[in-house]
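Reckoned from all heavy atoms, side chains included, excluding hydrogens, waters and symmetry mates. Heads up: numbering here begins at 1 and tracks the sequence.
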Amino acid sequence: MKRISRHLKLRESEFIERYLRLDADGDYVVRSTPCPFLGADNYCSIYEVRPSDCERFPYTDEDVLVRRPAVTQKNSTFCPIVYFVLERLIAADK
């Protein structure tokens, strides 16, 4: 939050108020979907300072794929690569 608010030349509290909300787990997440930093050209306007979750998404090379199956399942509904990775893992297991 500090990096992004600094990049946007906003106070951290202003950045939080304008762009974030607390989710059920008590984590800050963006208020709107799609992300408010996703431009009409489908490019991230804060790419250089994007959050680590954005940098790591879709987590196909991490233990998130196995350790957080609910996240993986949800991601597979809108991210083709997650869906295809899961299909390949299932096929390899047969």
Side-chain angles (χ1 to χ4, degrees):
M1 290 185 287
K2 289 183 191 320
R3 289 181 301 114
I4 298 168
S5 57
R6 196 173 325 125
H7 177 79
L8 297 173
K9 297 179 172 69
L10 298 172
R11 290 187 319 256
E12 190 173 346
S13 60
E14 186 180 357
F15 168 73
I16 291 168
E17 185 177 318
R18 187 180 296 182
Y19 294 107
L20 305 179
R21 66 175 175 79
L22 285 172
D23 69 6
D25 296 324
D27 296 321
Y28 280 110
V29 296
V30 290
R31 285 185 185 274
S32 61
T33 304
C35 178
F37 305 109
L38 184 64
D41 58 1
N42 220 25
Y43 284 92
C44 176
S45 64
I46 60 165
Y47 188 81
E48 315 80 47
V49 294
R50 70 194 185 279
S52 66
D53 270 357
C54 296
E55 185 176 354
R56 295 171 29 234
F57 186 82
Y59 317 111
T60 53
D61 62 344
E62 299 181 19
D63 67 351
V64 171
L65 195 68
V66 176
R67 290 184 182 250
R68 297 184 65 196
V71 170
T72 300
Q73 184 177 10
K74 180 180 177 187
N75 290 346
S76 72
T77 66
F78 62 86
C79 180
I81 191 63
V82 175
Y83 178 83
F84 292 126
V85 166
L86 289 176
E87 275 195 334
R88 297 285 302 266
L89 287 172
I90 291 167
D93 195 41
K94 291 181 180 181

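Between V82 and P58, the shortest heavy-atom distance links the atoms CG2-CB, 3.4 Å. Scanning all heavy atoms of the two residues, the minimum distance from P69 to V66 falls at CD-O, 3.5 Å. Residue S5 comes nearest to F15 through the heavy atom pair CB-CB, 3.6 Å, listed as atom of the first residue, atom of the second, then distance.
Here the side chains of Y59 and T72 are not in contact, with every heavy-atom distance at 4.5 Å or above. Looking only at side-chain heavy atoms (C-beta outward), L20 and V30 come within less than 4.5 Å of each other.
I16 and L8 fall within the same hydrophobic cluster, where Ile, Leu, Val, Met, Phe, Trp and Tyr residues are linked whenever their side-chain heavy atoms come under 4.5 Å apart, directly or through other members. Linking Ile, Leu, Val, Met, Phe, Trp and Tyr whenever their side-chain heavy atoms come within less than 4.5 Å leaves I81 and F78 in two separate clusters.
Scored by the salt bridge (charged side-chain N to carboxylate O under 4.0 Å, His left out) test, R67 finds D63 as partners (sequence neighbours excluded). With sequence neighbours excluded, the residues that form a side chain to side chain contact (heavy atoms under 4.5 Å, CB included) with R3 are V49.
To the nearest 0.5 Å, atom CD1 of residue I4 and atom CG of residue L10 are 11.0 Å apart. Taken from OH in Y47 to CD in E55, the straight-line distance is 7.0 Å, to the nearest 0.5 Å.
Residue Q73 places its CD atom among 12 or fewer non-hydrogen atoms of other residues, nucleotides or ligands, all under 6.0 Å distant. For CD of E62, the number of neighbouring non-hydrogen atoms (other residues, nucleotides, ligands) closer than 6.0 Å is greater than 12.
A donor-acceptor pair is defined here as one N or O able to donate and one able to accept, closer than 3.5 Å; such a pair exists between the side chain of S45 and the backbone of F37.
Residues in residues 18-33 take part in these side chain to side chain donor-acceptor pair (under 3.5 Å) pairs, two or more places apart or across chains: E14-R18.
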